[in-house]
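Scroll down for the structure; my scribbles are underneath it.
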Amino acid sequence: MSENSCHATPLPARSAAPDAFGRVVDYLRISITDRCNERCLYCMPEGYHGWAQRPDHLTADEILRLVRVAAGLGFRKFRLTGGEPLVRGDLLEIVRSMAAIPGVEAIGLSTNGTRLAALAKPLREAGIRSANISLDALDPDLYRRITGGEVATVLAGIRAAVGAGFERVKVNAVLLRGMNEGELWPLVLFAAEHGLPLRFIELMPVSRADVLTEANFLPINEVMELLRARERLIPQPDHRLGHGPAKYYRLEPAGALVGFIGAITNQHFCETCNRIRLTADGKIRPCLGNHGEVDLRTALRRHASEAELAALLRHAVAQKPQEHAFRGNYTPCRPMVAVGG
Ligand code: SAM
């Protein structure tokens, strides 16, 4: 297995569900574009122009065909991501058509929120039920430094999502030592004030090596200690919001519900992983933190049968490794923006 390049694995005769480690994989994250209107330091390497290979990117019809096949295999939960999914012009058509596919129970969205003010209502009407909105800092200068964007547009997007009646709106912040420690408490207060779950996410090595160093890594245990200095953290062991790996705590007296996603320091992180990812150029990533990919685009473009596509998806599930390889000397073969968060 090459450490520095993505590679497709050969197709075996059969595959099984649940996967080889007893995990039921029924959640497909679909990156509908690797284009983004922001430039997050930890996600998109400078000079990245993956989207220049536009003909490689799946059309709406191709995405919908795969969703139909996945739903037929028992996938029930879907998330549209990117890049930034809201920059794709046919997003609403994709959502509407997905929502009508039998078996599709939940469609969520991961977004930077900058375009939600205009799109939240039509997206909700089209069938999006929940949104995860990235917000690494409330301070406008720091937000701009991390993402290249304007925090006011995100705040307007969050308000619009709540106003549009999304069943769940969560706020996600990536932890960056030396950058947003000072924002943790303001983010908690923001979450409490708006009644929105907030998740703190450990930095994963999925972009530029200079950003993803030990020096920038802020483990969740340290964040919990910082918060404990002000508040009581009451574990919410039964709290599983949506389909994610976060461990939730209620902060008292502020009242915020805060989830911690310790992708690197939680040794049990992968035990309940229930997802695979589809990249914008038609590759299934069984694991975010491993290079293995299964090519579906080639099959789609030679008009493979539903049965062949289903076999490829089952194969991808069977290829899901027991755990990610982030704790080794992992070098990404594609940046996060090209995988889909
Ligand atoms: N543009 C959308 C957004 O901002 O949410 C969707 C795509 S983004 C890749 C999805 C999620 O991945 C975001 O919450 C983002 O913060 C997270 N992410 C990106 N790079 C990361 C990294 N190196 N470590 C941890 N999380 C990362």
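Order of appearance sets the numbers: ligands from 1, and atoms from 1 within every ligand. Source: prediction; values computed, not measured.
- Inter-residue side-chain proximity for Val87 and Asn37 is flagged as met; some heavy-atom pair is nearer than 4.5 Å.
- To the nearest 0.5 Å, the span separating NZ on Lys320 from CD1 on Ile284 amounts to 11.0 Å.
- Trp185 and Leu226 fall within the same hydrophobic cluster, defined by Ile, Leu, Val, Met, Phe, Trp and Tyr side-chain heavy atoms under 4.5 Å apart, directly or through other members.
- A donor-acceptor contact closer than 3.5 angstrom is absent between the side chains of Asp61 and Thr59.
- Sorted by first then second residue, the side chain to side chain donor-acceptor pair (under 3.5 Å) pairs that include residues 119-129, not counting sequence neighbours, are Lys121-Glu125, Arg129-Glu167.
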Could you go through ligand 1 and note, for every N or O atom, any protein N or O atom closer than 3.5 angstrom, writing the atom names and distance to 0.1 Å, or 'none'?
residue  : atom   : partner : partner atom : Å
ligand 1 : 1 (N)  : Gly83   : O            : 2.9
ligand 1 : 1 (N)  : Glu84   : OE1          : 3.0
ligand 1 : 4 (O)  : Ser134  : OG           : 3.0
ligand 1 : 5 (O)  : Thr111  : O            : 3.4
ligand 1 : 5 (O)  : Ser134  : OG           : 2.8
ligand 1 : 14 (O) : Ser134  : OG           : 3.1
ligand 1 : 16 (O) : Tyr42   : OH           : 3.4
ligand 1 : 23 (N) : Tyr42   : O            : 2.9
ligand 1 : 23 (N) : Met204  : O            : 2.9
ligand 1 : 24 (N) : Met204  : N            : 2.9

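- A distance of 6.0 Å or more separates the ring centres of Tyr27 and Phe75.
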